[in-house]
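Lettering of chains follows the sequences in order, A, B, ..., and the numbering in each one begins at 1.
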Amino acid sequence: MSAPAKLPRWAELGLLPLINLGVALVVAGVIIKILGESPLAAFKLMATGALGTQEGIGYTLYYATNFIFTGLAVAVAYHAGLFNIGAEGQAYIGGLGTGLVCLYLGAWPFWVVLPLAVLAGAIFGAMWAFIPAWLQARRGSHIVITTIMFNFIAAALMTYLLVNVLIKPGQQSPETREFSANAVMPAAHELLAKMGITVVATPLNLAFGLALVAAVGVWIFIWRTRWGFALRVAGANSAAAVYAGISPPRIIVGAMLISGALAGGLGLNELMGSQHRILMDFPSGAGFVGIAVALMGRNHPVGIVVAAVLFGALYQGGSQLSFDMPKINRDMVVVIQGLVILLCGAMENVFRAPLTALFARVRSGKGIE
Amino acid sequence: MSKEPAAPPSTPPDAPPALELRGIDKRFGAVHANRAITFAVAAGSIHGLIGENGAGKSTLMNIVYGFHRADAGKIRVQGRAVEIGSPQQAIAAGIGMVHQHFMLVENFTVLENVVLGVEGGALLAGALAAARAELGRLARDYGLEVPLDAVVSELSVGLQQRVEILKALYRGAEVLILDEPTAVLTPHEADQLFVMLRRLRAQGKAVILVTHKLREIMAVTDRVTVMKQGAVVAEVATRETSPRGLAEHMVGRAVLLQVEKRPAQPGAELLSVKALEVRDRLGVARLKSVSFNLRAGEIVGIAGVAGNGQSELLEVLAGTRAASRGEISFGGRDLVREQLDPRARRALGLAHVPEDRLRMGVVAGFSAADNAILGYHDAARFNRGGLRDEAAIRAACAAKMAEFDVRPPQPELRLAAFSGGNQQKLVLAREIDADPQVLLIGQPTRGVDIGAIEFIHKRLIALRDAGKALLLVSVELDEILALADRILVMNGGEIIGELARADATEEKIGLMMAGVRAEASP
Ligand SMILES: Nc1ncnc2c1ncn2[C@@H]1O[C@H](COP(=O)(O)OP(=O)(O)OP(=O)(O)O)[C@@H](O)[C@H]1O
Ligand SMILES: [Mg+2]
């Protein structure tokens, strides 16, 4: 009906995110300049650090794996009209499930442990999302509020468990013992070595492949199944959903279970793939980055994978930066990353209106000639 | 201003038109929605704009109000060339628009809604006091009485529309555009609207009225412009034309304003309702002990002043609203006791065309194809091996579009990109094509053009003749008289009488609608 003009698809999906990213880099560049370093040199360092070496690429994709899982989690909830801020907590608890399987069933062969670990991560993550979902569906408690609160509860619960229950006996730091060798995700360099390709050792591991499989699965589910259709209808127009015989409360619960299960995949990469034990705060913000990744990726699995790799590069490049440029410390890197999240995620609409107006003007200009 | 273009015939030679469009052109991709449209409205006149669904009426009005930007063309207001790129600029130029879906803040008062956006200062109190005085004057001048301190959500649709008109006038509108304003009104509310529009005309405002109801065009307009496929095909003075003549201009052929039908041959009972009661959230009874039945091969019409329980009856039968007591038997099941949801009812053969289709019958952001399976998305014919059968879904939509003449026939297009009437047609196509045993249908021809009305009426009668039962709710008494074989009249949540079509006259129904019970006929 009277919808305002729309952007062409390529501009919506390609140009707009690039402009957002560009502005974020300009602002970051100004900060770097103020700190007394050369922005160009800093960006070059970040780019080569993230993508210029085998090691950089490995780390970039390793970080990206976490972001794919959490980005998908946020996106599935989004399609059901829900803003899941709780991927962080769901990933934390989901990782607990994966970790418990690895700790206590680690004697079994890897190909038995793997599906159990995946399942446990998914179930634990889903459970953690279930309570806010149920509260929203039955009691109308707003899911944004409850999922935020459940992040805190998850952190408190995990601290308690690691300090008092799961801690490796006779040790100071709140961590479990190491997983046995059967419960460790094969690293990418090991897998490639089997195929005769030698690459530098990095934490990149099989979980990256699982994340890509999850992305394909989410695409099929959302756009190619009737359940995904029902979910999108409920998210887009709940009156139409009721009319069509789709129960919005049921969709809320179902979507959040899937969302939590996806967030629960993070432990596969972080614990099984890299740390090989359960430790404090292992999601380290990936749940929140997932929100930015989903927004930037337009809640589409392909976009999410691309955005996740971008944020992975930002993380890897950022640590390189703090390493090589003494004036830019770890905290400054976090500020720069925060800027990108702010501009690409939270403020992603800022440049849409001017860009749309520009397109309209260019087009009507053509029409008059 | 050096040279004025020759004024159109409706304008006195000395005064420029209140609104003048020259060569307005607009394309949406392949669709040429407006083709070099030239159009003028004189101050102190009501100008009708009619045309088939998708003819480009809303597009043109949205261009004037700054929602869309024309590809080419000029807009003049009171002889001044203006550049309109946004609704703000349109308002500044003295153009106001009343949308079909009101743009009011539901939990604000009328006064707050009117002032919203033009407070003109940091403190609200001053603005509200000034607005109150000004609105008092507007109400006196135009007969636009509205309770200023009432919360908008508590007002009837007719009053909400009045608030929209007040908003436009408060912002200084000299040209007022109304796009299908009567589609959501009861006939009585529509009459009140026309009284207001005549007053606006008397005060020198220019009014543009878009509608599909030729009766309304004949009743209030001074001139009519007819659009077809994006172009203006005729402009005439209303008193020199007739509904039949206008219909032919619009459709390009003679239109049956009344469809032929054979007498009904009612068969077995398909659905029966006993002592059905519905209470709303506050515990107020909306339906009081309603009982009736539907038989194969008949159309039962429900007449009544809007708000007397017809909508609730449709909803409770369809399953989108819960009954508090009573029985609905259909297909050997008790839908109330078993609490079957709309999906289960559909599976039993109960289809529902909701009254407010654009709100609950479609998802505007989804493709036409997705909308054409809404509610039937679980059906085996649209799924294969756990996945949606995209080819079947697209083919089914294409077939419906061809049959019901939904334009443009592109299943992939977003529903929001279709004209209002074409969206309506797609919903009707979906529910009629499902070939239900019982079809519940609310306001079947709301928003569709007269050619489509003829077609839809034919399809509904064909469905009846195929041995199905139809329950029809319509605020248009004409429509009920044209289609129904049996008429139930509702008043205050009750069925207060029943008439066979042969015995029904407008007077009898009118009396019953007002609450006068039918005396038991011998
Ligand atoms: N945003 C849009 N994107 C693409 N096409 C559009 C858009 N808006 C309108 N159209 C197309 O432009 C044409 C004219 O539509 P418009 O809404 O102006 O028709 P209308 O005369 O108001 O019809 P109706 O009587 O059904 O309301 C239609 O073919 C419609 O599909
Ligand atoms: Mg329209």
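Around CZ of Phe366(B), the count of heavy atoms belonging to other residues, nucleotides or ligands within 6.0 Å exceeds 12. The number of heavy-atom neighbours closer than 6.0 Å to CD of Gln89(B), taken from other residues, nucleotides and ligands shown, is above 12.
Shown here for His377(B) and Ala230(A), the closest heavy-atom pair between the two residues is NE2-CB, 4.3 Å.
Looking only at distances, a side-chain donor or acceptor of Asn237(A) sits under 3.5 Å from a matching main-chain atom of Val362(B).
For Ser58(B), no part lies under 4.5 angstrom from a heavy atom of chain A. Proximity to chain B is limited to the side chain of Trp227(A), based on heavy atoms less than 4.5 angstrom apart. In this structure, chain A has a heavy atom under 4.5 Å from the side chain of Arg430(B), while its backbone stays farther away. Both the backbone and the side chain of Asp370(B) have a heavy atom closer than 4.5 Å to some heavy atom of chain A. For Asp378(B), the parts sitting under 4.5 Å from any heavy atom of chain A are the backbone and the side chain alike.
With chain B as the partner, the residue from Ala241(A), Ser247(A), Ala239(A) showing the most heavy-atom pairs under 4.5 Å is Ala239(A). Between chain A and the options Asp341(B), Ile373(B), Asp389(B), Leu374(B), heavy-atom pairs under 4.5 Å are most frequent for Leu374(B). Between chain A and the options Arg388(B), Arg343(B), Lys26(B), heavy-atom pairs under 4.5 Å are most frequent for Arg388(B). The greatest number of non-hydrogen atom pairs below 4.5 Å with chain A, out of Arg359(B), Met61(B), Glu390(B), is found for Glu390(B). For the set Glu315(B), Arg27(B), Glu431(B), the entry with the most heavy-atom pairs within less than 4.5 Å of chain A is Glu431(B). Your options are Ala344(B), Pro354(B), Gly319(B), and the one with the most heavy-atom pairs under 4.5 Å with chain A is Pro354(B).
Side chains of Tyr243(A) and Pro342(B) form no contact here, defined as non-hydrogen atoms less than 4.5 Å apart. Taking the side chain as every heavy atom from C-beta outward, Leu387(B) and Arg226(A) never approach each other to under 4.5 Å.
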